[in-house]
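Note sheet for the following structure.
Because the structure is predicted, anything quoted here is derived from the model rather than measured. Naming: A, B, ... by sequence-line order, numbering from 1 per chain. What you see below is based on every heavy atom in this structure, not just the backbone, and it leaves out hydrogens, waters and symmetry mates.
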Protein chains: 2
Amino acid sequence: MTPGAPQRPAPAANEPRRRPTINDVARLANVSKKTVSRVINQSPFVNKDTRERIDTVIKELGYAPDPVARGLASRRSYLVGLIYDNPNPQHVIDTQQGILDVIRGSGLELVIHPCNRRDKDFLNGVRGFIDRQKLAGVILPSSVSEDEDLVAVLREYDTPYVRIASVPLDEPEHSIVTNDSEGARQAAEHLAGLGHRVIAHVSGPDTFRSSHERRSGFIEGLKTAGLELDKKLDLRAGYTFQSGIEAGRRLMAMPARPTAIFCGNDEMAAGVCQAVRETGLEIGKDVSVVGFDDSPLASRMWPALTTVLLPIRASGRMASIRLLGDRLTKEPQEEDRQGEVHPTLVVRASSGPAKT
Amino acid sequence: MTPGAPQRPAPAANEPRRRPTINDVARLANVSKKTVSRVINQSPFVNKDTRERIDTVIKELGYAPDPVARGLASRRSYLVGLIYDNPNPQHVIDTQQGILDVIRGSGLELVIHPCNRRDKDFLNGVRGFIDRQKLAGVILPSSVSEDEDLVAVLREYDTPYVRIASVPLDEPEHSIVTNDSEGARQAAEHLAGLGHRVIAHVSGPDTFRSSHERRSGFIEGLKTAGLELDKKLDLRAGYTFQSGIEAGRRLMAMPARPTAIFCGNDEMAAGVCQAVRETGLEIGKDVSVVGFDDSPLASRMWPALTTVLLPIRASGRMASIRLLGDRLTKEPQEEDRQGEVHPTLVVRASSGPAKT
DNA sequence: GCGAGTATTGACACCGGTATCAATAAGGGA
DNA sequence: TCCCTTATTGATACCGGTGTCAATACTCGC
């Protein structure tokens, strides 16, 4: 190459583009690769002039460190894991979105790992996942956050994690709280305020903490209004549409039929509505129904469903910030630094005044 | 260490577990790491005895190659990318599931990258994603598969990809076809068979190939039944619930009101149903409505929506198999090796005989 | 002007694999 | 029996970063 020729020869035409490496930067900036490494890692032990010179070269070259190589050397990849069970599609999507809201632009990527907790082999699946990739961290939404065996595996492999749960956990610094009970309380107060006195509850499975939280919040709300939850009107179902239909049928068959029904999620609420209609009664007039989640279904049903909005996406953002704080390049929104979200009631047409 | 002492000293108690590496295997099997590498990569140039000896050690140690290190050395990571826009949550989830069905157990992971094609910067986002990770491959579901700029970027970075599209593309070996028009044709024949003569169509945006496919299939189906699609009854909407409501209102306001409406997706169908109800008419009796997708919404609505089921999850499986064939450890199902899926009509209560 | 303390920097090994190519061993034909 | 092939194997460099620790350069106090 003659002197004065361009420092960076154009790659041969058909040759696939080659990313500049730390070595290229070091050579052009006339420093060692270690110093470049210091600059990209924001080490304070670099002379200002040197730093600027290197930064210039980095910009010129469009250099970006290779996450794979970094991962190998530092034993920490740039991958964030999301483990979940029980795909309530909207929850999953919202959580994914929330995480991506935060990590986008920081060179981190989101790797998803759905699993099935009822499958006795699921822990091995997770183990493989954790062990293979040296994840930067893992986020555990409510569908798995209460699984202590799972959390034990994460600890065992020394993988950082944050749990999203309906209620505060032992490790507040590793968790985000969604305060489900608050939402259920609002639902109860809403129905009581409409004049309902015989109010039923259809819950999710007892194996979910959220079922308990929503129930206890509901009971609390009733109490505020001077009401109690009749044990016979407190039904266990399965968080599914079908189980909602069945619970609804049982309620409709009761001699002292409830005039309002609070359901632990929208899926069951939709099922309950179906059962109510089968008996010829009108939703929102004869029987009020309230759900939980504010899933897309809720606003598209007819009549539209009164429900509790749970800010899942925000909880995903908060969890990621907790998990990755220092590895994020962009400063997170102040409101997303909180450790909890609060549900709100969305009133639609499925709940109306009690007939007197 | 005295001779006869255990070859592999137990790690100190608190020391975090250290994965066995290829060096450990090589030492114990008394071969070079390259030979071990050959074994794990199924090279044919290894003596049978040697291979067996190494396999034994691998099993004893529970050794598994480190995907990060492999990625660095081979310039191909073990990550499969899924790029999508416009989250119809169910599509997204189904596609994710389909991919995971296939790659699970092969040491590959799924990295998701939602994007927004209307954002003029979206290509740069994708570029960063592609460039940083040296993806094993990328899957492009229908929401992005027709974006030629995007595909150009993938080619530019020499990243393998498979597109899922409603209609055959130029590169059949890199695509999976969902044959949307077939489903629309069935919908048309179904409605015509019920005696409807004035049938409307509410389509998605013209910018989606799927909108055209569904329309043309629908027209074809009508033709089979000796009908034509009246231009005034062929409305463009936006694939959203809200746009469905608006389209429905326009249709209901027409002097020659249609007795049946085929919608390009379930979201719009739900909106149309709402508009129909606003006029006091009954779905399935006065006006029949058919959707497309068989989203969860369809079966939970009241009355339940007749719709076209698109096997998205299967298309995700097929796409992954196309993409990764040789890198998969488990033999794929024969039916998933096809290059196309076929929609089927799911008849529910929202479509009924035309009133005479 | 000199020794000590602090600020910068780089040489080199290493992370855990893969690629290249030469070296060695085994088999076959003349 | 000897040379040439073919089958196996390993030495070594390399992928693109990070960690350790020593070396060098300054600055300050006396």
Side-chain angles (χ1 to χ4, degrees), chain A residues 16-55 57-58 61-79 107 131-136 158 327, chain B residues 16-55 57-58 61-79 107-108 131-134 136 158 327:
Chain A
R17 98 186 27 250
R18 196 179 68 84
R19 279 171 58 116
T21 74
I22 197 171
N23 292 305
D24 300 328
V25 176
R27 193 165 354 99
L28 264 60
N30 212 357
V31 294
S32 74
K33 52 198 278 200
K34 182 62 209 182
T35 301
V36 178
S37 171
R38 288 197 182 90
V39 169
I40 61 186
N41 288 296
Q42 326 224 43
S43 157
F45 307 115
V46 180
N47 183 289
K48 191 152 169 277
D49 293 348
T50 313
R51 178 189 307 282
E52 279 167 7
R53 183 152 38 96
I54 293 176
D55 274 334
V57 175
I58 287 180
L61 248 45
Y63 166 76
D66 178 338
V68 178
R70 288 227 266 191
L72 177 58
S74 65
R75 291 123 181 290
R76 272 282 163 238
S77 78
Y78 285 69
L79 303 176
D131 187 31
R132 265 197 307 279
Q133 313 297 332
K134 312 152 197 301
L135 299 180
D158 214 26
R327 300 185 64 165
Chain B
R17 98 184 27 249
R18 197 180 68 84
R19 279 171 58 116
T21 74
I22 197 172
N23 292 304
D24 300 327
V25 176
R27 194 166 354 100
L28 263 62
N30 211 358
V31 295
S32 74
K33 51 198 279 201
K34 180 61 203 178
T35 300
V36 178
S37 170
R38 289 198 181 90
V39 169
I40 61 186
N41 289 295
Q42 326 224 44
S43 156
F45 307 116
V46 180
N47 183 289
K48 190 150 170 276
D49 293 349
T50 313
R51 178 189 307 280
E52 279 168 8
R53 183 152 39 94
I54 293 176
D55 274 333
V57 175
I58 287 180
L61 249 45
Y63 166 76
D66 178 337
V68 177
R70 289 228 266 192
L72 177 58
S74 65
R75 290 121 183 290
R76 271 286 160 234
S77 78
Y78 284 69
L79 303 176
L108 294 157
D131 187 31
R132 266 195 308 277
Q133 313 297 333
K134 312 152 198 303
D158 215 26
R327 300 184 66 164

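Nucleotide dT20(C) holds its P atom 13 Å from the CZ atom of Phe45(B), rounded to whole Å. For the pair Glu52(B) CD and dT8(D) C1', the computed distance is 16 Å after rounding to whole Å. Across the protein-nucleic acid pair, Asp24(A) atom CG and dG17(D) atom P stand 9 Å apart, rounded to whole Å. Atom CD1 in Ile22(B) sits about 17 Å away from atom P in dT12(D), given to the nearest Å. Between the CD1 atom of Ile40(B) and the P atom of dA19(C) there is a distance of 11 Å, given to the nearest Å. Lys48(A) has its NZ atom 18 Å from the P atom of dC26(D), to the nearest Å. Atom OH in Tyr63(B) sits roughly 10 Å away from atom P in dG16(C) (whole-Å rounding). Rounded to an integer number of Å, the gap from CD of Gln42(A) to C1' of dT18(D) is 16 Å.
Taking 4.0 angstrom as the limit, Thr35(B) places a side-chain polar atom (N or O) nearer than this to OP1 or OP2 of dG10(D). For the pair Asn23(B) and dG17(C), the criterion of a side-chain N or O lying under 4.0 Å from OP1 or OP2 is not met. For dA11(C), the OP1/OP2 oxygens have no side-chain nitrogen or oxygen of Ser32(A) closer than 4.0 Å. Contact annotation: Arg70(B) reaches the phosphate of dT18(C) (side-chain N/O to OP1 or OP2, under 4.0 Å). Look at Asn47(B) and you won't find any side-chain N or O under 4.0 angstrom from OP1 or OP2 of dA7(D). Side-chain nitrogen and oxygen atoms of Tyr78(B) include none within less than 4.0 Å of the OP1 or OP2 phosphate oxygen of dG17(C). The phosphate of dT9(D) has OP1 or OP2 within less than 4.0 Å of a side-chain N or O from Thr50(B). One finds a side-chain N or O of Ser37(B) lying less than 4.0 angstrom from the OP1 or OP2 phosphate oxygen of dT18(C).
Smallest separation of non-hydrogen atoms from Ala69(B) and Leu72(A): CB-CD1, 3.8 Å. For the pair Gly71(B) and Val68(A), the tightest heavy-atom approach, listed with the atom from each and the gap, is C-CG1, 4.0 Å.
Side-chain N/O atoms of Lys33(A) and base N/O atoms of dG17(D) include a donor-acceptor pair closer than 3.5 Å. Contact annotation: side chain of Arg38(A) to base of dG19(D), donor-acceptor pair absent below 3.5 Å. On a pure distance criterion of 3.5 Å, a polar donor-acceptor pair joins the side chain of Lys34(A) and the base of dG19(D).
Donor-acceptor pairing under 3.5 Å is lacking for the side chains of Asn47(A) and Arg53(A).
Closest contact between the side chain of Ala69(B) and the listed nucleotides dG17(C), dG10(C), dG16(D) involves dG17(C).
Checked options Lys33(A), Arg19(A), Arg18(A); the residue passing with Asp24(A) is Arg18(A) (criterion: salt bridge (charged side-chain N to carboxylate O under 4.0 Å, His left out)).
Classification of Asp158(B) and Arg75(B) as a salt-bridged pair fails, no side-chain N sitting under 4.0 Å from a carboxylate O.
Of the two residues contacting DNA chain D, namely Ser74(A) and Leu72(B), the nearest-nucleotide position lying further toward the 5' end is that of Leu72(B).
Among the atoms of the strands shown, only primed sugar atoms or phosphate atoms (P, OP1, OP2) are found under 4.0 Å from some heavy atom of Val46(A).
Between the Arg76(A) side chain and the Leu135(A) main chain, a donor and an acceptor come within less than 3.5 Å of each other.
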